[in-house]
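Let me begin by presenting the structure, written as structure tokens, before commenting on it.
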Protein chains: 2
Amino acid sequence: MVTLKDVAEASGVSVSTASAVMRGLDIVKPDTTRKVRNAAKKLHYHANISARSLRSGRSNIFTLIVPDLENQYYAELSNCLSNELLAQHKQLIIQVSQYDKDKEIEQVRSLNASMSDGLFICSTNNSGADIKSVAGDYPVIMFDDMSAATEARYDSVETPSQAGMTAMIRHLCLEHDRKRVGIVGTLVEDPSNRISYTLRHNRCNFAHQALMECGYDRPNTFITCDWDHNSGIAIAHHLAEEGMPYDALCCMNDDLALGVMRGLAECGIVVPDQVAVTGYDGITSGSYTSPTLTTIAVDFKGMAQTATELMQQKILHKDASTRTSMPRRIIVGFQLLRRESTCRSRPEANR
Amino acid sequence: MVTLKDVAEASGVSVSTASAVMRGLDIVKPDTTRKVRNAAKKLHYHANISARSLRSGRSNIFTLIVPDLENQYYAELSNCLSNELLAQHKQLIIQVSQYDKDKEIEQVRSLNASMSDGLFICSTNNSGADIKSVAGDYPVIMFDDMSAATEARYDSVETPSQAGMTAMIRHLCLEHDRKRVGIVGTLVEDPSNRISYTLRHNRCNFAHQALMECGYDRPNTFITCDWDHNSGIAIAHHLAEEGMPYDALCCMNDDLALGVMRGLAECGIVVPDQVAVTGYDGITSGSYTSPTLTTIAVDFKGMAQTATELMQQKILHKDASTRTSMPRRIIVGFQLLRRESTCRSRPEANR
DNA sequence: TTTGTTTTTATTAACGATGTAAACATGGAT
DNA sequence: ATCCATGTTTACATCGTTAATAAAAACAAA
């Protein structure tokens, strides 16, 4: 392997000088700088990250913990974050927690000793406080921190549940005049599950609130189930047996919505003619089905960018902000994708 | 941060003894071992990976380069590999090459200086020889090495194109008696694209060969297009306009097949009644559509396991095998998922 | 007790980059 | 010529771990 010493020798300077050049300190004569740069390029020099990290505590490697990469929501977020970091010559370690709360905490704990500069996390049900208790002053940015306000400890980048759900409900009620809207994915009672509780609770409530603002006040708008594909299939069958008492099903995420559409298809119920279906997230699969899924496309790229910016800030003035200021929650943008599961239009139009 | 020195002091031994214990060398008295272990646990000691890596050249961190994580094939493979490694207390850095050949080579080159112990790669069109030229003796395992035989340089874990395609064609021709089978996804002429050429070429040829073995010898079985969703949509429209001269479309991967199904739906052609459609890969989306997609489910977990085993071997006897033996190609298992896109059966049966 | 042998622990020098303090030039001003 | 100020460069200690070697302790046999 080619080390800084090799570069230094090749360009006739000391290791310290070479190091200064590589770090971009402008305390070196332009002439020397050029010599060193050339030698480095010629030798294909790349700084040894272990050594740098050991000495300076800075590795330019970050860690992302997600519950699962098979879930397209996390896969797309990971993809964007990796790209964003790579563009800044940073690397990303991706760890999969498999929705295991304790495993996740253990992963966070071992981070202190790893060479990673900071943690991005889509937590599986650990609150900011839980994570803080093992991460200490380690730099952390959360995605969709679902902690209750009192348990938030870190800056977080959030999906626009309120604005998104409002737009979606308006789309259904105002643009398409749906009269019997069901909100699919309200809370399954599980008191131990207090984090997930918060996000679900919020998103459902926003949907309900938007419904009321549209002058809608029927009871039984809430349909209780988990936020996954199989739950969607089951709910669809269940509702079909009841004679489908809704003309629109506003699902709390895409995975669930695709399950619902699948289930409806199995029961011979036509979307959107008999019932409209909507999702939330904007994962790719939603454009693969027939009909394609109307959904809220979350700005994944924006989430990744915002998160890296927050991380940068956190690392730069480490001591200053950490203790004093409240954790921030930054909500990213979204786009309402009007597709076939709500619009009876020509299929080619809205792909 | 808590260091080995802290552990040593807490347990009243020297740093080297503590190190020996942590590394599991059994040259330490059981009594001493116990003391050190307890202290380490009590202090939540985790070895500093930078230091270990710097000194010993072993970090237990590996790198995976994939073209893209939005592509479910790569996402699921990444997921499995991450899990497999994590179970062995190893970590995985995932880099996304964005299908950029040169970027990928640059990523490989900078690996020498990184703290990573080895590379797993789903290459974007770089041959084994290309990678070898920048990676040197760095340990590399390839997924689906598409190099021509003369350019293979590394052990590779491969998707079972031949067995899978044979099973699929038999499923179509023998089980379902389809008479006009189209092989969708044969080569788009692109001489610069010599790697991708090989895999595509092979998979198509295996399909064709299987067709012939089923006593099938019509001309015009090959339908030329790229292996992605949009190509599938386009091809479907094109074939529909020609009056759909096939009763089965054997697509070279799932992404393409899902596009074809989508396109057929847009044209009002019913699958599988008018034409059967099959995929290859076994990505999750294939069970989200209606009809669900008949496909070859590649054993992702097996791929990940095999790859880590090969990596382990490569690292253990680094000098011995590297030069002497030929690169191995290990082909993993698969499962033919008979689903609705070929079987007219009750939809509930084959989810 | 002495000697030899084995087991266990301690000392010390790396690994490669960084950052501080010190050394070395260079050029004016005294 | 001497001194100081400024601008560049270098020597060296350091980060936490490992591994080779040296030292010490334990034990057995003479």
Side-chain angles (χ1 to χ4, degrees), chain A residues 1-37 39-40 43-61 89 91 110-117 138 315, chain B residues 1-37 39-40 43-61 89 91 110-117 138 315:
Chain A
M1 103 163 286
V2 38
T3 77
L4 202 49
K5 197 171 141 207
D6 301 324
V7 175
E9 278 169 8
S11 43
V13 300
S14 76
V15 174
S16 330
T17 304
S19 169
V21 171
M22 296 318 292
R23 279 178 290 154
L25 305 186
D26 59 346
I27 57 164
V28 183
K29 254 202 291 196
D31 201 40
T32 320
T33 301
R34 210 164 19 73
K35 270 194 306 190
V36 175
R37 286 252 163 76
L43 297 175
H44 285 304
Y45 169 75
H46 285 270
N48 180 308
I49 295 179
S50 308
R52 162 181 298 164
S53 165
L54 176 59
R55 175 60 227 235
S56 71
R58 211 44 68 76
S59 65
N60 276 341
I61 297 179
H89 301 282
Q91 300 203 290
S110 68
L111 236 60
N112 270 312
S114 88
M115 79 319 313
S116 158
D117 286 353
Y138 195 83
I315 286 178
Chain B
M1 104 163 283
V2 37
T3 76
L4 202 49
K5 200 172 138 206
D6 301 324
V7 175
E9 278 169 8
S11 45
V13 299
S14 76
V15 172
S16 29
T17 305
S19 170
V21 171
M22 297 317 293
R23 280 179 291 156
L25 306 186
D26 59 347
I27 57 163
V28 183
K29 249 198 300 193
D31 201 39
T32 319
T33 300
R34 207 163 21 72
K35 269 194 307 189
V36 174
R37 285 253 163 77
L43 298 175
H44 285 304
Y45 170 75
H46 285 270
N48 181 309
I49 296 179
S50 308
R52 162 180 297 164
S53 165
L54 177 59
R55 174 61 227 227
S56 71
R58 216 35 76 71
S59 65
N60 277 340
I61 297 178
H89 301 281
Q91 300 203 288
S110 68
L111 235 60
N112 270 313
S114 88
M115 78 319 312
S116 157
D117 286 353
Y138 195 84
I315 287 178

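Chain letters run A, B, ... following the sequence lines, proteins first and then strands; every chain starts at 1. The figures that follow rest on heavy atoms only: side chains count, while hydrogens, waters and symmetry mates do not.
One can find a donor-acceptor pair under 3.5 Å joining the base of D:dT14 and the side-chain atoms of A:Arg55. Below the 3.5 angstrom threshold, one finds a donor paired with an acceptor across the side chain of B:Ser16 and the base of C:dT11.
Note on A:Ser50: nothing from the nucleic acid sits closer than 4.0 angstrom, heavy atoms only. Note on B:Val13: only backbone sugar-phosphate atoms sit closer than 4.0 angstrom, heavy atoms only; bases stay farther off. Contacts of B:Ser53 with the nucleic acid, taken as non-hydrogen atoms under 4.0 Å apart, are absent. Residue contacts for B:Ala20: at a heavy-atom cut-off of 4.0 Å it reaches no nucleic acid atom on any strand shown. Among the atoms of the strands shown, only primed sugar atoms or phosphate atoms (P, OP1, OP2) are found under 4.0 Å from some heavy atom of A:Thr3.
One finds no side-chain N or O of A:Tyr45 lying less than 4.0 angstrom from the OP1 or OP2 phosphate oxygen of C:dG16. Distances shorter than 4.0 Å separate none of the side-chain N or O atoms of A:Ser19 from OP1 or OP2 on C:dA17.
Summarising the geometry, the separation between CG on B:Leu25 and P on D:dT18 is reported as 9 Å, rounded to the nearest angstrom. Across the protein-nucleic acid pair, A:Ile27 atom CD1 and D:dT6 atom C1' stand 13 Å apart, rounded to whole Å. One interatomic measurement links the two molecules: CG of B:Leu54 to P of D:dA19, which rounds to 12 Å at whole-angstrom precision. Distance CE (B:Met22) to P (D:dT17): 9 Å, rounded to an integer number of Å. If you measure from atom NZ of B:Lys5 to atom P of C:dA10, you get 15 Å, rounded to the nearest angstrom. Distance B:Ile49 CD1 to D:dT17 C1': 12 Å, rounded to the nearest Å. Straight-line distance from the CE atom of A:Met115 to the C1' atom of C:dA17: 16 Å, rounded to whole Å. Across the protein-nucleic acid pair, B:Lys35 atom NZ and C:dT9 atom P stand 8 Å apart, rounded to whole Å.
For A:Lys29, the side-chain atoms get nearest to D:dT9 when compared with the rest of D:dT9, C:dT18, D:dT17. Out of D:dA19, C:dT18, D:dA11, the shortest distance to the side chain of B:Arg23 is found at D:dA19.
Comparing A:Ala51 and B:Thr32 by the nucleotide of DNA chain C that holds the closest heavy atom to each, the one mapping nearer the 5' end is B:Thr32. Ranked by how close their nearest DNA chain C nucleotide is to the 5' end, B:Ser56 and B:Thr17 are led by B:Thr17.
Using modelled atom types, no side-chain atom of A:Thr17 and backbone atom of A:Val13 make a donor-acceptor pair closer than 3.5 Å. A distance-only check finds no donor-acceptor pair linking the side chain of B:Thr32 to the backbone of B:Val28 [under 3.5 Å]. A donor-acceptor pair is defined here as one N or O able to donate and one able to accept, closer than 3.5 Å; such a pair exists between the side chain of A:Ser59 and the backbone of A:Met115. In terms of modelled atom types and a separation under 3.5 Å, the side chain of B:Ser56 and the main chain of B:Arg52 share a donor-acceptor contact.
Side chains of B:Tyr138 and B:Ser116: a donor-acceptor N/O pair is present below 3.5 angstrom, by distance only.
The NE2 atom of A:His89 sits 10.0 Å away from atom OG of B:Ser110, with the distance rounded to the nearest 0.5 Å.
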